[in-house]
Amino acid sequence: MEFDRIKTKALMGERISETEAVWLFQNAPFAELCQLADAIKRKRHGKSVFWVNNRQINYTNVCVLHCSFCAFSKIKKDSPTAYDWTIPQIVAKAREAIELGARELHIVGGLHPDHEFGYYVDMVRTLRNEFPAVCIKAFTAVEIQYFAKLGNRTVESILMELKDAGLEALPGGGAEILLPGIREEICGSKETGEEWIEVHRVAHKLGIPSNATMLFGHIESFEHRVGHMAWLRALEDEAPGFFAFIPLVFHPDNNSLGRRVGTKTSEEDRIRTIAVARIFLDNIQHIKAYWVQLGLDVARRALHAGASDLDGTIIEEKITQAAGSESGQGLSVLAMRNLILEEGLEPVERDALYREF
Ligand code: V47
Ligand code: SF4
């Protein structure tokens with residue numbers, strides 16, 4: 001049977017092809033698919049499940065772009081719900097989290113029309129000086145590309161300056177679906193997939209590790225999902241530096257793509273996506289079950305289907321909440337550890353660089 005053939009290959013450590021991954025999405029028996037992904041996860045990480053005490057800081061919702069799936073951004077900065085935190089406000093948010101033991105600041109925002117690049121450098125340098133021990137994971141490839149265009153600079157020089165100010169890792173946002181065609185359909189004004197890849201290539205070469213996301217459950221096909229993952233796998237071969245792959249469940253509320261799509265993808269599809277990713281992405285260490293988007297129950301099940309990371313305590317998240325997320329605003333350290341223990345697994349606290357504590 002086709003499943004057994006692919007299973008043997010994957011368990012022997014042989015890379016599966018794009019065609020085989022699409023076959024798994026379409027035809028693999030669900031329970032067996034989850035078991036295979038779990039076996040691969042256990043070979044790498046045993047019973048460990050990684051988590052981070054972190055805080056998300058979405059510093060502004062003003063954005064010059066208008067991606068069709070985004071319910072978070074405001075085009076007009078004088079809109080009553082637009083905001084743009086000052087650096088002291090950002091420091092205050094960070095301090096709150098660090099007093100609760102945060103080891104990572106995850107900082108992303110819209111593309112604000114007014115700030116110059118120096119503002120972002122100041123943001124990172126101020127945080128670094130105030131909180132020397134915390135990991136600063138900041139700015140998606142879309143923001144980095146925007147800073148380069150703003151200052152008529154190369155991506156390399158932008159990243160070098162941010163690294164010098166204290167930036168240690170890039171988050172994985174903005175990837176959506178990298179392939180042309182569908183990318184233009186869902187976020188035509190955004191940087192291209194090739195540009196996203198190039199930012200991460202340069203970052204990895206400069207010693208700045210990163211994550212990679214994929215927005216799924218909208219109008220994409222299984223071929224699109226696998227093609228997207230194939231681009232990431234190829235980049236990791238060429239310029240290693242990805243820590244984690246994070247499938248992001250499309251949330252349809254308050255956005256134009258959502259009006260077209262209607263509902264969130266099924267729980268089974270969310271878990272299948274985690275499982276196929278674990279099997280296909282043989283060169284990426286972790287598949288992250290981002291509980292804010294998967295939902296807590298699905299995230300628990302994903303821990304038995306290939307996921308080895310739960311992301312974090314988060315505290316405050318605005319992007320998915322704007323698009324209808326029902327998950328709460330944060331998990332306590334105790335709740336996070338208990339969730340993992342209740343699944344018969346072992347919690348491992350990490351920071352953004354996957355140093356263990
Ligand atoms: O890039 C926007 C996505 C991303 C919607 O690197 C939506 O560790 C679902 O990248 N439904 C930001 N998703 C979040 C992100 C992330 C999250 C957690 C961990 C990491 C990491 C990165 O949110 C955006 C976009 O792809 N997004 N709108 C929506 N309606
Ligand atoms: Fe702006 Fe990001 Fe929203 Fe696109 S997804 S409109 S780039 S904030």
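Residue indices begin at 1 and follow the sequence shown. Order of appearance sets the numbers: ligands from 1, and atoms from 1 within every ligand.
Less than 2.8 Å away from atom 4 (Fe) of ligand 2, the protein contributes these N/O/S atoms: C67 SG.
Using modelled atom types, one finds no donor on one side chain facing an acceptor on the other under 3.5 Å when comparing H286 with N211. For the 3.5 Å distance criterion, the side chains of T265 and R270 fail to qualify, holding no donor opposite an acceptor.
Between F147 and F139 the shortest side-chain heavy-atom distance falls below 4.5 Å.
Ring centroids of F25 and W23 are separated by 6.0 Å or more, keeping the two rings apart.
Considering CZ of F69 and SG of C187, their distance stands at 4.5 Å, rounded to 0.5 Å. With values rounded to the nearest 0.5 angstrom, L310 atom CG is found 9.5 Å from E343 atom CD.
For ligand 1, the 4.0 Å heavy-atom shell contains residues F69, H106, K137, P171, G172, G173, G174, E176, N211, T213, L215, I246, L248, V249, F250, H251, N255, K288, Y290, Q293, D311, I319, A323.
Listed by chain and residue number, T8 satisfy the side chain to side chain contact (heavy atoms under 4.5 Å, CB included) test with M12 (two or more places apart in sequence, or in another chain). In this structure E96 satisfies the side chain to side chain contact (heavy atoms under 4.5 Å, CB included) test together with R55, sequence neighbours excluded.
Annotation for E346: atom CD counts as buried by contact number, over 12 foreign heavy atoms lying within 6.0 Å.
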